[in-house]
Amino acid sequence: MPSNTLLLVKTFLRSTSDINVLKYSNDKAKRKYATNSLVGHVILAVVLLGYATALSVGLAHYGQAQVLPEICALLLIAMPFMLTLFKANGYLFGFKEYDMIMSMPFSVKNIVSAKFWYMYIMSMPMYGLMSLAMLIGYGIGGYLKAWSLVEWIVVTFALPIIPMVIASALGAIIVRIGSSFKYKNIVQAVIITILILPAFFARFFVENTMNAEGAETMMNSIVDTVGSTTKYIPFAKWFSEAVNDGVISSFLIIVACSILVYELFFIILSKYYRKMNSQLSAGAGSKKYELTSQKQTNMVKAIAFKEFKRMLGSSTYLMNAGLGQVMVTFMAIALLFVKPEVIIKSMMPGAPIESVMVFPAVPILFYFFLGMMPTTCCSPSLEGKNYWIMQILPVSPMDDNKGKMLFNFYLTIPFGVFATIAASICFRVSIIDALFSVIAITSLCIFSTVYGLRCGLKHRRLDWENEIEVIKQGMAVSMNIIPHLIVGMILMPLTVMANYYIHNVAVIMLALTVISWALIFFAWKGVKKYTR
């Protein structure tokens, strides 16, 4: 890495490092935020490492450890590609400090490479944990040798470069396409969503991992699926050959490809980088302005509209906060044309389960996607250095909170209600059951909105340099996602089990509604506590 690039990377890391804040800052609020952020990331890392290690040890226990290098390679390809596709535009193009950095005595390649390496270093801990989990199972299986350990470590750091470069290249193409449209942020978000949706809706291991034939059958099914997948991904095959069979040429091919792909991409990108950013920052074709009558509305609705415009102003924000709604809509439309028996047979083959039995878990599934990223979670922090404007306006902080919540209601409740009605038609439940299900999903959306705002206010961060630090890496987002994942995974099987004994969907939905409003009450107390 050239010295100028290394200097820029160090600067980027120091300016955003929580450890750096704890080491040098005397500001109690910043130190508290940094401490909470580190704790949240450690908890998330432990959870991810636990799940991945359980899988790898399970495969080793059933004598399938030889497939772990292929699984590791697939993870090191799929995860960087997906996450980089979400983040590349925000890190590489149109970032806030663009003018300042471009005026410094650094080459364009130095700047673009530094941004890429910053993104790589920030993401690498997650990829490293996944690789470590697979390595643990591989060692338990008795396959690990000294030379394979060295190759494993090198490939762990080299292989993610290839999917990250490919995702960055796609991001550059998307920026180029979107910059020619008036609503470029919407166009970019739509294109990225189209690229990502197939990965979310791919069945992966669902039809195998959900069957009831035992853990050994499940592990064999995973091995078969991985084997059929790696036929189309040569890097996974090369990693397996290098680690399992000691084929040094396969190892060198992976390293050489990583270096070559990186160099070619950034040589090409640096030639067009200034032009692409200029197009991105330029407005659409000029239009003659006409003064018309001004519309009046109440303060809360005006703030909700402001939040809507802020969302449209960022493709990263739009994509992250709107992907759940897109997925729920696709699922709802699919439910209108697919019989519930087909869904149950696909997910749980051979299980003697009636459609009405699993229906209570469906609204929770919709909530799982709709509540993953409420706009209230990051909107307080996204005000950034413009926070003072809201402070001097004649707007009470609580009205500001209500406006933020109203926008998220608009963004989640209609989709949740539509999807629940579609599911009710698909599963042929009674009108009473459908009505209580609609009330339940509405209550869950309200809870996710209020709890998201509570997290957003408690962990508000205004000194960010790149909005991705708030939208994808913010403490508020982490504190919302962790309990959201846990609660979602607990509630879905719990409601199915309850319906197995109660046989009354309406009662279960009513209980879910009561629980939701109890949680809303406590979350609202937190909102009032942290409002200032």
Side-chain angles (χ1 to χ4, degrees), residues 41-83 120-164 204-205 208-209 213-259 485:
H41 283 99
V42 168
I43 293 173
L44 185 60
V46 170
V47 172
L48 288 174
L49 183 61
Y51 278 115
T53 303
L55 173 63
S56 67
V57 172
L59 286 167
H61 177 73
Y62 289 102
Q64 303 289 0
Q66 76 282 355
V67 80
L68 285 171
E70 295 179 356
I71 296 178
C72 182
L74 292 176
L75 289 173
L76 292 177
I77 292 171
M79 289 176 62
F81 178 80
M82 295 278 291
L83 295 178
Y120 171 87
I121 293 171
M122 294 296 289
S123 303
M124 199 60 215
M126 181 181 295
Y127 310 149
L129 285 173
M130 295 296 102
S131 179
L132 175 61
M134 299 300 109
L135 183 61
I136 291 172
Y138 192 69
I140 292 174
Y143 289 88
L144 188 62
K145 301 177 180 63
W147 53 265
S148 62
L149 175 62
V150 173
E151 290 180 338
W152 193 298
I153 294 173
V154 172
V155 171
T156 296
F157 287 95
L159 187 55
I161 294 174
I162 298 173
M164 288 182 71
F204 291 106
F205 311 123
N208 296 317
T209 58
E213 297 180 16
E216 185 174 3
T217 302
M218 180 185 74
M219 295 300 172
N220 291 331
S221 299
I222 292 176
V223 172
D224 293 339
T225 305
V226 170
S228 61
T229 304
T230 51
K231 292 179 181 178
Y232 307 98
I233 304 177
F235 291 102
K237 180 183 177 182
W238 292 333
F239 187 22
S240 178
E241 290 175 350
V243 175
N244 285 331
D245 306 323
V247 181
I248 190 67
S249 59
S250 297
F251 168 73
L252 294 175
I253 288 173
I254 295 175
V255 176
C257 286
S258 300
I259 297 172
L485 291 173

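- Contacts of I253 classified as side-chain contact (heavy atoms from CB on, under 4.5 Å), with partners at least two apart in sequence or in another chain: W238, C257.
- Remark: A60 engages A65, I140 in a side-chain contact (heavy atoms from CB on, under 4.5 Å) (not counting sequence neighbours).
- Closest of all the heavy-atom pairs between V155 and L76 is O-CD1, 4.4 Å.
- Formation of a donor-acceptor pair under 3.5 Å by the S240 side chain with backbone atoms of K237 is not found in this model.
- Side-chain contact between Y138 and N244: present, with at least one pair of heavy atoms (C-beta onward) separated by less than 4.5 Å.
- Proximity of I153 to F157: side-chain heavy atoms (C-beta onward) are separated by under 4.5 Å at one or more points.
- Partners of V46 by side-chain contact (heavy atoms from CB on, under 4.5 Å), not counting sequence neighbours, listed by chain and number: V42.
- In terms of heavy atoms, W147 sits closest to A242 at CZ3-O, 3.2 Å.
- When all heavy atoms are compared, the tightest approach of A73 to F235 is CB-O, 4.5 Å.
- Here I77 contributes atom CD1 and I162 contributes atom CD1; the two are 7.5 Å apart, rounded to the nearest 0.5 Å.
- L252 is linked by a side-chain contact (heavy atoms from CB on, under 4.5 Å) to I248, counting only residues two or more places apart in sequence or in another chain.
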Identify all side-chain donor-acceptor contacts of residues 129-136 below 3.5 Å with residues at least two apart in sequence or on another chain.
residue, atom, partner, partner atom, Å
S131, OG, W152, NE1, 2.8
S131, OG, T156, OG1, 2.7

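- The ring pair (Phe, Tyr, Trp, His ring centres under 6.0 Å) test applied to Y120 returns W117, not counting sequence neighbours.
- Looking at every heavy atom in both residues, S250 comes nearest to E241 through OG-OE1, 2.7 Å.
- The two atoms that bring L75 and P80 nearest to each other are O-CD, 3.4 Å, heavy atoms only.
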